[in-house]
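Let me begin by handing over the structure; questions about it come next.
The structure presented is a predicted model; accordingly, all values stated were derived computationally and were not measured. We name chains A, B, ... by the order of the sequence lines, and we start the count at 1 in each one. We use all heavy atoms of the structure for the numbers below, so side chains are in, but hydrogens, waters and symmetry mates are not.
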Amino acid sequence: MTCGLPYANGDLHVGHLRSIVAGDVFTRALRSVGQETAFVCGSDMHGAPIAVEAEQEGRSPREVALEYHETYAEQFPQFGVEFDNYGHTDEPENVELTREVVRALRAEGHLVEKEVKVAYDPTTEQPLPDRFVEGTCPYCGERARGDECDEGCGRHLEPGEIEDPVSVATGEPAEYRLREHEFFRLADLQEYLQAFIDRLEGTANARKQPREWIFGDLEDWCITRDMDWGIDYPDEDGGHEDLVLYVWVDAPVEYIASTKQYSERVGAEAYDWRAVWGEGPDPELPSGEERGPPGRGDIVHVIGKDIIQHHTVFWPAMLRAAGYDEPRAVVACGWVTVDGEGLSTSRGRAVWAEEYLEAGFEPDLLRYYLTTAGGFQDDVDFSWERFRQRVNDELVDDLGNFLYRSLLFAHRNYGGTPEADVSEDVRAAVRDAVEQFRDGLDGYEVREVGDAAVDLARFGNAYIQNNEPWNLDDDAAARVIRDCVQIAKAVTVLAEPVIPDTAERVWETLDEPGSVHDATVDAALETPPAEFHEPAEPFEPVDEDHVADLAARLEERVAESDTDTETDGATGAESETEDMADTADTDADVEPLTQERISHEMFQELDMRVGRIESAEPVEGADELVRLEVDVGVDRRQVVAGLQQLHDVDDLPGTRVVVLVNLEKAELFGVESNGMVLAAGEEADLLTTHDDAALGGRVR
RNA sequence: AGCGGGAUGGGAUAGCCAGGAGAUUCCGGCGGGCUCAUAACCCGCAGACCGGUGGUUCAAAUCCACCUCCCGCUACCA
């Protein structure tokens, strides 16, 4: 079991935790059904954003990345996430394995050299990866990063496409030079990938999204970069000393490296990484078909939905070509949104791991929320108020209360598990719950795994209520309570993957031998000890004022950041990953003032009027354009404006605006635009009046 | 723009692949009951024409076509 590697350039937040906790839940659940597993992960240390951050702070990239890595390694266990091995991509095991894989790709003849236009900083003589270049988008004319028109049309830009390139680091104009890079000819593996994608298990998005590529034309994939920070390209033939491997080559290899580290720590008898991953490259046997037997492990990758292609195209192609075994499943989870909006670390819209722990909440509560809030591949929303509701309604009132009331009743009246047989109804209910738990695992749906325990607790609450043992004589009550204690034990075992700490405490109350972490689902129907301890309340309710406070703090943070970054120019909803890139952004430049003067007469020619937007609707087929009907007092104008991505179209009607009414007419996407609505900046902040100037009033 | 995922009572969410009884469950609302328990739990009621339009069918939330909106990907962001 692996989780997508957290990229070592930011603090941990709920977005990271969702997929990592899911991996942990899967792993624990697999152990509960008796499977041997290894849960491995590591920090992703290389790549341009870390190099940029390091340069800005005047530190080495390794130092910067290691600092984040250590924080991660420390924080994951605080959320009950127990990796069997947590390494990082800059460790010798990964460096070695990565270079071995690349050598294998070359030995198999899958690599081709191609010349690529690379931007150079002429002052420092440094090659600049496209992340380090800014310029003008050739498609829309907006300011853009070298790899993507991030502020304008959003298009991906090929190297060399950007106009007027400027080095991010020095601000000097960059120049293009031809550089030789290595490309992985994915098309060589096309047939293999087509078969692979058909047998791949996991979420629907991961099984379907890559089909467009795999059944279309597979492009050559550039696997080297002009940078210092990364794993050196293995250059036995010489000529590529200055290239490092692209992070997406060495990052997934960490899955193998981390497994190997685990094997080496516990011994190959206890866990043999080769039994899972297969034999790997063998210089004596250059043909992929004739390699040793594939691993017998079932590799499952838990990732975020943004990196599906990397795990379903590039990665299996690498594995295949290097003689390693393919993943059995890729499980891609949706995002975590906060208060209904996309997570944005730079804008303060995030719930931080540290913040959560400092608020004094048990890790189990967040684990429960994140695993059961929605379908795995769907986005789920986090809000502090909903967090409180779900914890109090489901964990405290249902699961916690059932465990407490039934075990307390048993302890008070019988000192433990009363002597009686478990009824057939209850046995059946427990078996059903175990089945639900297994179905969740088989379907790669952690929510079902988590719900199995809560649903069984709800059954238990109904059971104890309907049978009213407090109104029965001792013998009859003993039978009911015997059933309830059994349900409680089953609930505890089934809840362990999601709420391990709580489950362990209940396990201790029951005076069960060993740890619940080692128990299997078989224990759900085994008799609990005849005597056990007085139970404690398993959960503390979440206080309303406490979460209101946290929510307010979050809101403040977002508001503050909004005013701070008004000139920042970022648009639209950001994903957490886009956001990681933000550290690379310098503040957007304010355009210099125009030196050339115009006459007053020329200004008089501009006929600008106060108007009010009467209606607004998106222009069909256009991403950004909105068709507006604007009342300018004496007239009603149809104006097309590029506001769609920056404003909620439904909110526009009623807005007072300033309109340039004598602009020449234009036709945009087949819609006539008769005038221009004035707006400021990249965010298209609409100009308006501060008092109530009449509609049609002239602006001078 | 292309591709993938999603849209189901006020909120959340299951069902869709393998079409068929009153569309699941939780929260919230209303009414009642109970008291072992962290004043919670149990029972009952109201509330959705299943994003839209059209089609296939005896029968569509489910299959097909087109459309709208949200999220992701589009190969040099990680």
Query raised in the report: Nearest to the side chain of A:Gln377 - B:rA78, B:rA40, B:rG6?
Result: B:rG6

Report task. Give one of base, sugar-phosphate or nothing for A:Pro538, where a contact means two heavy atoms less than 4.0 Å apart. Result -> base

Requested in this report: Going by the side-chain contact (heavy atoms from CB on, under 4.5 Å) test, name the single residue among A:His311, A:Gln309, A:Lys305 that passes it with A:Ile307.
Outcome: A:His311

Requested in this report: Give one of base, sugar-phosphate or nothing for A:Arg386, where a contact means two heavy atoms less than 4.0 Å apart.
Outcome: sugar-phosphate

Query raised in the report: For A:Asn401, which contact category applies under a 4.0 Å heavy-atom criterion: base, sugar-phosphate, or nothing?
Result: base

Report task. Consider the side chain of A:Ile464, meaning its heavy atoms from C-beta on, and name the nucleotide among B:rC36, B:rG72, B:rC41 that approaches it most closely. Result -> B:rC36

**Report entry** Phosphate contact (B:rA75 OP1 or OP2) by A:Tyr246 side-chain N/O below 4.0 Å
**Finding:** no

Query - Point-to-point distance, once rounded to the nearest 0.5 Å, from CZ of A:Phe382 to OG1 of A:Thr337 - result: 10.5 Å

Report task. Identify whether any heavy atom of A:Arg412 sits under 4.0 Å from a base atom; if not, whether one sits that close to sugar-phosphate; answer base, sugar-phosphate or nothing. Result -> sugar-phosphate

Requested in this report: Could you tell me whether A:Arg18 sits above the aromatic face of A:Tyr369, with NZ or CZ closer than 6.0 angstrom to the six-membered ring centre and within 45 degrees of the axis?
Outcome: no

Query - Residue A:Asn471, side-chain atoms from C-beta onward, closest of B:rC36, B:rA75, B:rU35 - result: B:rU35

Query raised in the report: Using a cut-off of 4.0 Å on non-hydrogen atoms, how would the nucleic acid contact of A:Ile50 be classed: base, sugar-phosphate, or nothing?
Result: nothing

Query raised in the report: Within the structure shown, what part of the strands sits under 4.0 Å from A:Glu537 by heavy-atom distance: base, sugar-phosphate, or nothing?
Result: base

Report task. With heavy atoms under 4.0 Å as the rule, sort A:Pro469 into base, sugar-phosphate or nothing. Result -> nothing

Requested in this report: Would you indicate what A:Asp226 reaches in the nucleic acid, counting non-hydrogen atoms under 4.0 angstrom: base, sugar-phosphate, or nothing?
Outcome: nothing

Solution key, residues 398-412 of chain A side-chain donor-acceptor pairs under 3.5 Å, sequence neighbours excluded:
from: A:Asp398; atom 1: OD2; to: A:Arg458; atom 2: NE; distance (Å): 2.8
from: A:Asp398; atom 1: OD2; to: A:Arg458; atom 2: NH2; distance (Å): 3.0
from: A:Arg405; atom 1: NH1; to: A:Asn461; atom 2: OD1; distance (Å): 2.8
from: A:Arg405; atom 1: NH2; to: A:Gln465; atom 2: OE1; distance (Å): 3.1
from: A:Ser406; atom 1: OG; to: A:Phe402; atom 2: O; distance (Å): 2.6
from: A:Ser406; atom 1: OG; to: A:Leu403; atom 2: O; distance (Å): 3.4
from: A:His411; atom 1: NE2; to: A:Glu534; atom 2: N; distance (Å): 3.4

Query raised in the report: Is the shortest side-chain N/O distance from A:Trp213 to OP1 or OP2 of B:rG2 below 4.0 Å?
Result: no

Report summary line: Stems of at least 3 consecutive Watson-Crick or G-U wobble pairs (donor-acceptor distances under 3.5 Å) involving RNA chain B, listed by first number, are B:1-7 with B:68-74, B:10-12 with B:25-27, B:29-33 with B:41-45, B:51-55 with B:63-67

Query raised in the report: Considering only side-chain heavy atoms of A:Trp470, which listed nucleotide, B:rU38, B:rU35, B:rC26, is closest?
Result: B:rU35

Query raised in the report: Taking the side chain of A:Glu468 as its heavy atoms from C-beta onward, which of B:rC73, B:rC34, B:rA75 lies nearest to it?
Result: B:rC34

Report summary line: When rounded to the nearest 0.5 Å, the distance separating CZ of A:Arg386 from CG of A:Asp393 is 10.5 Å

Query raised in the report: Has A:Lys305 got a side-chain N or O lying under 4.0 Å from the OP1 or OP2 atom of B:rC71?
Result: no

Requested in this report: Would you indicate whether A:Asp217, at its atom CG, is surrounded by more than 12 heavy atoms from other residues, nucleotides or ligands within a distance under 6.0 Å?
Outcome: no

Report task. Measure the distance from CG on A:Asp473 to C1' on B:rC36 and round it to the nearest whole Å. Result -> 16 Å

Query raised in the report: Does a nitrogen or oxygen in the side chain of A:Arg458 sit under 4.0 Å from OP1 or OP2 of B:rC41?
Result: no

Requested in this report: Return no unless some side-chain N or O of A:Tyr404 is found under 4.0 Å from OP1 or OP2 of B:rU38.
Outcome: yes

Requested in this report: Give one of base, sugar-phosphate or nothing for A:Phe402, where a contact means two heavy atoms less than 4.0 Å apart.
Outcome: nothing

Report summary line: Distance col, row A:Leu243:CG vs A:Tyr233:OH, nearest 0.5 angstrom, shows 8.5 Å

Query raised in the report: Just checking A:Asp381: base, sugar-phosphate only, or nothing, at a heavy-atom cut-off of under 4.0 Å?
Result: nothing

Report task. Would you classify A:Arg207 as touching base, sugar-phosphate or nothing, given that sugar-phosphate means primed atoms plus P, OP1 and OP2, and contacts are heavy atoms under 4.0 Å? Result -> nothing

Query - Selection from B:rU13, B:rC3, B:rG6 that lies nearest to any side-chain heavy atom of A:Arg447 - result: B:rU13

Report task. Scan A:Ile308 against the nucleic acid and name what it touches under 4.0 Å (heavy atoms): base, sugar-phosphate only, or nothing. Result -> nothing

Query raised in the report: Closest to the A:Ile307 side chain: B:rA78, B:rA37, B:rG5?
Result: B:rA78

Requested in this report: Have a look at A:Gly375 and say if it touches a base, only the backbone sugar-phosphate, or nothing, with a 4.0 Å heavy-atom cut-off.
Outcome: sugar-phosphate

Query raised in the report: Can you find a donor-acceptor N/O pair under 3.5 angstrom joining the side chain of A:Gln465 to the base of B:rC36?
Result: yes

Query raised in the report: Does the base of B:rA75 carry an N or O that pairs as donor and acceptor with the side chain of A:Trp248 under 3.5 Å?
Result: no

Query raised in the report: 5'-most contact on RNA chain B: A:Leu395 or A:Tyr463, nearest heavy atom basis?
Result: A:Leu395

Report task. Quick one: label A:Val396 by what it contacts on the DNA or RNA (base, sugar-phosphate, nothing), any heavy atom closer than 4.0 Å. Result -> base

Report summary line: Taking B:rC73, B:rG2, B:rA37 as options, the one with an atom nearest any side-chain atom of A:Arg405 is B:rA37

